[in-house]
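Note that the numbering runs from 1 along the sequence shown for the chain. Because the structure is predicted, anything quoted here is derived from the model rather than measured.
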Amino acid sequence: MYKSKRLKDIPKELRPREKIKSLGSQSLSDEELLALVLGSGTREEDVLSLSRRIIKLGWERLKSMSVNELIKEIKGIGEAKACQIKALIELSRRMYEPHAHIVINSPEDVYNLLKDKMDNRREHLWALYLTPSNTLIEYDLVAVGRLNSVFADPKDILYGAVRSVCHSIILAHTHPGGEPKPSKADIDFTQRVKKACEILGFELLDHIIITKKGYFSMREGGIVS
């Protein structure tokens, strides 16, 4: 009923702050919740109108935008509000992504993360995207292959790297029923990905082969340096 109205036109008891106290957070719309986070509007518009305009951009787009891009795209907001928006999105991601606080310090960490995802019938190729401090941003199943082979293109991996705005990448793939030892095709593919990463400014930290018997790290084996 009050979605298109300005904050001052809404009865006080139905404004976001009063509404969350009396009816609970679940009763608020996205724009009302964002209004509470921002706290105030701009000289030209109240906080609810500003929030409504921001929400119209869509959460996926907001998620992908930098602070500077937000400032340029959303007329009237400055650095403080742009940072508030990015902080809210990041906090939401950490709350709902169970791996958000995982730090990858060793090949064993990768093995422990993925060992339960083994498929006895097909090889799986995973890409892990990390921050400069090796905190896991996300990990993607890049390709599913056959029992003893999997095909992927470096661009399949780099797409996720660009999307996640990561610093570095770790590859991992499974050898169902096999030995944790890289084939020539595995090594050649790793070198192709490494070169592609260097061109775009990403660092390929490792490529790990996972089996039921254990794992093999190409970095520890001297293949990735």
[Y] side chain reached by [X] side chain, heavy atoms, under 4.5 Å:
{"X": "Leu114", "Y": "Val110", "result": "yes"}
{"X": "Cys166", "Y": "Leu130", "result": "no"}
{"X": "Pro176", "Y": "Glu123", "result": "yes"}
{"X": "Leu158", "Y": "Cys197", "result": "yes"}
{"X": "Leu70", "Y": "Ile54", "result": "no"}
{"X": "Met218", "Y": "Leu204", "result": "no"}
{"X": "Asp30", "Y": "Ser51", "result": "no"}
{"X": "Ile170", "Y": "Tyr139", "result": "no"}

> Taking everything shown except Arg17 itself, do over 12 heavy atoms lie less than 6.0 Å from its CZ?
Replying inline: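 No - once you tally the heavy atoms of other residues, nucleotides and ligands closer than 6.0 Å, there are 12 at most.
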> How about Glu198: does its CD atom have over 12 heavy atoms from other parts shown lying under 6.0 Å from it?
Replying inline: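 Correct, the count exceeds 12.
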Where do [X] and [Y] come nearest, in terms of heavy atoms and distance?
{"X": "Leu48", "Y": "Pro16", "value": "CD1-CG, 4.2 Å"}
{"X": "Ile208", "Y": "Pro107", "value": "CD1-CA, 3.6 Å"}
{"X": "Ala152", "Y": "Phe189", "value": "O-CE1, 3.2 Å"}
{"X": "Val142", "Y": "Ala127", "value": "CG2-CB, 3.6 Å"}

Can you check whether [Y]'s main-chain N or O pairs, donor with acceptor, with [X]'s side chain at less than 3.5 Å?
{"X": "Asn112", "Y": "Asp109", "result": "no"}
{"X": "Asp186", "Y": "Ser183", "result": "yes"}
{"X": "Thr174", "Y": "His124", "result": "yes"}
{"X": "Tyr129", "Y": "Ile157", "result": "yes"}
{"X": "Lys81", "Y": "Ser40", "result": "yes"}
{"X": "Asp206", "Y": "Arg219", "result": "yes"}
{"X": "Gln26", "Y": "Leu23", "result": "yes"}
{"X": "Lys86", "Y": "Met65", "result": "yes"}
{"X": "Gln191", "Y": "Ile223", "result": "yes"}

>> Assess the residue pair Leu88 and Leu33 against the criterion (side chain to side chain contact (heavy atoms under 4.5 Å, CB included)); give the C-alpha distance rounded to whole Å, side-chain angles, the decisive distance to 0.1 Å, and a yes or no.
In response: CA-CA 10 Å; Leu88 171 65; Leu33 290 169; over 6 Å; no
To the nearest 0.5 Å, what is the distance between [atom1] on [X] and [atom2] on [Y]?
{"X": "Ile169", "Y": "Leu128", "atom1": "CD1", "atom2": "CG", "value": "10.0 Å"}
{"X": "Asn105", "Y": "Thr135", "atom1": "CG", "atom2": "OG1", "value": "8.5 Å"}
{"X": "Ile71", "Y": "Glu73", "atom1": "CD1", "atom2": "CD", "value": "12.5 Å"}
{"X": "Gln84", "Y": "Glu79", "atom1": "CD", "atom2": "CD", "value": "11.5 Å"}
{"X": "Ser29", "Y": "Lys19", "atom1": "OG", "atom2": "NZ", "value": "6.0 Å"}

> With Tyr111, which residues qualify under ring pair (Phe, Tyr, Trp, His ring centres under 6.0 Å), at least two apart?
Replying inline: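 Residues passing ring pair (Phe, Tyr, Trp, His ring centres under 6.0 Å) with Tyr111: Tyr215.
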> Taking only residues two or more places apart in sequence or in another chain, which ones pass ring pair (Phe, Tyr, Trp, His ring centres under 6.0 Å) with His173?
Replying inline: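 Per chain and number, His173 pairs via ring pair (Phe, Tyr, Trp, His ring centres under 6.0 Å) with His175, His207.
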>> Could you walk me through whether Thr211 and Lys181 satisfy the side chain to side chain donor-acceptor pair (under 3.5 Å) test, starting with their C-alpha distance in whole Å, then the side-chain angles of each, then the deciding distance to 0.1 Å, before giving a yes or no?
In response: CA-CA 9 Å; Thr211 73; Lys181 183 178 179 181; over 6 Å; no
>> If you apply the rule salt bridge (charged side-chain N to carboxylate O under 4.0 Å, His left out), what do you find for Lys21 with Glu18, and how did you get there?
In response: CA-CA 5 Å; Lys21 289 192 293 184; Glu18 298 304 320; 3.5 Å; yes
> Does the pair Glu179 and Ile209 meet the rule for a side chain to side chain contact (heavy atoms under 4.5 Å, CB included), with working shown?
Replying inline: CA-CA 9 Å; Glu179 294 292 327; Ile209 297 172; over 6 Å; no
>> Among residues at least two apart in sequence or on other chains, which ones pass side-chain hydrogen bond (donor to acceptor under 3.5 Å, both in side chains) with Arg53?
In response: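 Residues passing side-chain hydrogen bond (donor to acceptor under 3.5 Å, both in side chains) with Arg53: Glu45.
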Is [X] linked to [Y] within one hydrophobic cluster, defined over Ile, Leu, Val, Met, Phe, Trp and Tyr using a side-chain heavy-atom separation of less than 4.5 Å?
{"X": "Tyr159", "Y": "Val144", "value": "no"}
{"X": "Leu205", "Y": "Val165", "value": "no"}
{"X": "Ile55", "Y": "Ile74", "value": "yes"}

> Given Val224 and Ser217, is the side chain to side chain contact (heavy atoms under 4.5 Å, CB included) satisfied, shown in steps?
Replying inline: CA-CA 9 Å; Val224 173; Ser217 163; over 6 Å; no
>> Please determine whether side chain to side chain contact (heavy atoms under 4.5 Å, CB included) holds for the pair Ile85 and Leu38, giving the CA-CA distance in whole Å, both sets of side-chain angles, and the decisive distance to 0.1 Å.
In response: CA-CA 8 Å; Ile85 294 168; Leu38 296 178; 4.1 Å; yes
> Between Lys75 and Glu44, is there a side-chain N and carboxylate O pair less than 4.0 Å apart?
Replying inline: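 Salt bridge absent between Lys75 and Glu44.
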